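Below: one structure, written as structure tokens.
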Amino acid sequence: MKSDFAISLSGAAVEIAPWLLGWILVRELDGETLIGRIVETEAYDQEDAASHSCRGETPRNSVMFGPSGRAYVYFTYGMHYCFNIVTGAEGYGCGVLVRAVEPLEGLEIMRRNRGRDDVSQLTNGPAKFCQAFGIDKNLSGHNLAEPPLKLELGGQIPNEQIVQTTRIGITKAVTQPWRFYVKGNPFVSKL
DNA sequence: GGAACGATTGAT
DNA sequence: TCAATCGTTCCT
């Protein structure tokens, strides 16, 4: 029996990505609570040359092929983690990369984790957000309906406040407009 | 076994 | 503009 939570994320990544804007991430870390609001996402699909899943299932990307509503966390550039929300049907590899959140609670912990004071530099990038929230590979495969990392429905962002554009940092499928962010939000990684 | 590359970041 | 830094994937 599937949970409502998983069902709500079982659609195509390209459809889920803009819908996830405004959702809340609650991280329990060493007895402290960190909260952020998703303000920037990117969709990655199995039929997408830029996606880790485009050449089929491998040990690294297997979580993307599992149930929706799980975390897919990967290590890149020898030093950074990036966090995705798995979407789509089981057996189909796709997900949504969270590129930026707006810090709501636990800012001092985020400052400590990031080693910086400037609020605007705490969570405005996929690896910055992971470092601020203490997210690493141990959380890959985690069910996001449960602590210590929970995804909760927040206030929906009106369509006219959602900007759709091309993705960042990729070299394949560069023209696909599968990046979404909240217009005017200061925590978006890049305009 | 070896090499090329990467959904990034921060400093120059 | 470029170095840091290493796991994953693919080729030999």
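Just so it is clear, the structure is predicted and the values come from calculations on it, not from any experiment. Within every chain, numbering begins at 1; the chains are lettered A, B, ... in the order of the sequence lines, protein sequences first and strands thereafter.
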> Do side-chain atoms of A:Q46 reach the backbone of A:G93 as a donor and acceptor pair under 3.5 angstrom?
Replying inline: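 Side chain of A:Q46 to backbone of A:G93, a donor-acceptor pair under 3.5 Å: yes, one is there.
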> Donor-acceptor pair, A:R99 side chain versus A:E42 backbone, under 3.5 Å?
Replying inline: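 Answer holds: no.
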> Taking the nucleotide of DNA chain B with the closest heavy atom to each, which residue, A:K172 or A:Q121, is nearer the 5' end?
Replying inline: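 Looking at the nearest nucleotide for each, A:K172 comes out on the 5' side.
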> Would you call the rings of A:H52 and A:Y74 parallel, tilted or perpendicular if under 30° counts as parallel and over 60° as perpendicular?
Replying inline: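 Perpendicular.
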Working to the nearest 0.5 Å, report the span between [atom1] of [X] and [atom2] of [Y].
X: A:L25; Y: A:F83; atom1: CG; atom2: CZ; answer: 5.0 Å
X: A:R111; Y: A:Q121; atom1: CZ; atom2: CD; answer: 12.0 Å
X: A:L21; Y: A:T41; atom1: CG; atom2: OG1; answer: 4.5 Å

> What is the minimum heavy-atom distance between A:S53 and A:M64, and which atoms define it?
Replying inline: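 Nearest heavy atoms, A:S53 then A:M64: OG-CE, 3.8 Å.
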>> How close do A:P103 and A:V119 get, counting heavy atoms only, and between which atoms?
In response: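 Answer, listing the atom of A:P103 first, then A:V119: CG-CG1, 4.4 Å.
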Give [X] one of three labels, base, sugar-phosphate or nothing, depending on what nucleic acid heavy atoms sit under 4.0 Å from its own.
X: A:A127; answer: sugar-phosphate
X: A:L97; answer: base
X: A:R116; answer: sugar-phosphate

> Could you write out DNA chain C as a dot-bracket string, with dots for unpaired bases, | for bases paired across to another strand, and Watson-Crick or G-U pairs counted at under 3.5 Å?
Replying inline: ||||.||||||.
> How would you give the extent of chain A contacts on DNA chain B, as first and last nucleotide 5' to 3' within a 4.0 Å heavy-atom cut-off?
Replying inline: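 Result: B:dG6 to B:dA11.
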> Regarding A:R167 and the six-membered ring of A:Y44, is the cationic atom NZ or CZ under 6.0 Å from the ring centre and inside 45° of its axis?
Replying inline: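 Yes, A:R167 lies over the aromatic ring of A:Y44.
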> Between A:E102 and A:N185, is any side-chain donor less than 3.5 angstrom from a side-chain acceptor?
Replying inline: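 Present: a donor and an acceptor within the cut-off.
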> Which letters describe nucleotides 5-12 of chain C, given B = protein heavy atom under 4.0 Å from base, S = only from sugar-phosphate, - = neither?
Replying inline: BBSSSS--
